[in-house]
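So the structure is just underneath, and the comments pick up after that.
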Amino acid sequence: MRVLRWLGVLSWAAFSLGAAEKGTANFYQSAPQEYLGKEIRLRVASPTPVPDLTAADQGYVWMEAATGRPQKEEGKIMLRIPSADSAKLAKTMNLPSSSGRWLEGVFAGHDTGAVLPSKIKERAPYYLQVSCASAQKEAPEDVETASGSL
């Protein structure tokens, strides 16, 4: 009986604290040390170009991604995309979707990822490094974080 009561209290606490949905910026940024340097799946509701960061990082395009579902945003995170892939990715990610689009990449931080200019480090303490082979993927609603190849 005590175990059931304790589980009920833990479930209520997680619910009342608004536990972040898996695959969102809030989820990964709540425990970044667990994910830094690992391949993850991110549910992107909408990306927005960030021209000043793109200008500071030759060969890459930066976007700010609102994550979660389009009607239920759960945080934002920066995306770092090779310039050659950015137009195709942006077009695909901006297609209408009621559940968001899944994107794979490596979860990085300014101290663990690429050597970045200080201007970027200040705005992007954590970001998703999208590889050249990255593709948006459809996934079931209950998908966990993925560690498969890009």
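What you see below is based on every heavy atom in this structure, not just the backbone, and it leaves out hydrogens, waters and symmetry mates.
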(request) Using the test side chain to side chain donor-acceptor pair (under 3.5 Å), find all partners of Asn26 that sit at least two apart in sequence or belong to another chain. (result) none

(message) Taking side chain to side chain donor-acceptor pair (under 3.5 Å) as the definition, give me every residue that meets it alongside Lys38, ordered by chain and number, with sequence neighbours left out.
(response) none

(message) Using a 3.5 Å distance criterion without hydrogens, assess whether the side chain of Thr24 forms a donor-acceptor pair with backbone atoms of Thr67.
(response) no

(message) Applying salt bridge (Lys or Arg N to Asp or Glu O under 4.0 Å), can you list everything that pairs with Lys72, at least two apart in sequence or on another chain?
(response) Glu74

(message) Just verifying a value: how many Å separate Met78 CE and Thr48 OG1, rounded to the nearest 0.5 Å?
(response) 9.5 Å

(request) For Ser46, check side chain to side chain contact (heavy atoms under 4.5 Å, CB included) against everything at least two apart and list the hits. (result) Ala66

Are [X] and [Y] connected in the hydrophobic side-chain network, where two residues link if heavy atoms are under 4.5 Å apart?
X      : Y      : value
Phe27  : Val44  : yes
Val50  : Leu89  : no
Leu116 : Met63  : no
Ile77  : Leu103 : yes

(request) State, with a plain yes or no, whether a side-chain heavy atom of Val130 is found less than 4.5 Å away from one of Asp85. (result) no

(request) Would you check if Lys22 and Arg41 make a side-chain contact, meaning some heavy-atom pair closer than 4.5 Å? (result) no

(message) As a quick check of understanding, evaluate side chain to side chain contact (heavy atoms under 4.5 Å, CB included) for Tyr28 and Leu42, giving each step before the final call.
(response) CA-CA 9 Å; Tyr28 293 116; Leu42 187 68; 4.1 Å; yes

Heavy-atom closest pair, residues [X] and [Y]:
X     : Y      : value
Ala25 : Gly75  : CB-C, 3.8 Å
Ala56 : Pro117 : O-CG, 3.1 Å
Ser98 : Pro70  : O-CD, 3.5 Å
Trp62 : Arg80  : CZ2-CD, 3.4 Å

(request) Apply side chain to side chain contact (heavy atoms under 4.5 Å, CB included) to Arg43 and Arg101, showing your working. (result) CA-CA 5 Å; Arg43 183 191 301 261; Arg101 302 231 180 250; over 6 Å; no

Under 3.5 Å, which donor-acceptor pairs link side chains of residues 105-112 to any protein atom two or more places apart or in another chain?
from, atom 1, to, atom 2, distance (Å)
Thr112, OG1, Gly109, N, 3.0
Thr112, OG1, Gly109, O, 3.4

(request) Test Val61 against Leu79 for side chain to side chain contact (heavy atoms under 4.5 Å, CB included), laying out the working first. (result) CA-CA 8 Å; Val61 171; Leu79 306 177; over 6 Å; no

Using distance only, find each side-chain donor-acceptor pair of residues 118-127 under 3.5 Å and give its atom names and separation, not counting sequence neighbours.
from, atom 1, to, atom 2, distance (Å)
Arg123, NH1, Asp52, OD1, 3.3
Arg123, NH1, Asp52, OD2, 2.8
Tyr127, OH, Ala114, N, 3.1

(request) Name all residues meeting the ring pair (Phe, Tyr, Trp, His ring centres under 6.0 Å) criterion together with Tyr60; count only those two or more places apart in sequence or in a different chain, and write none if there are none. (result) none

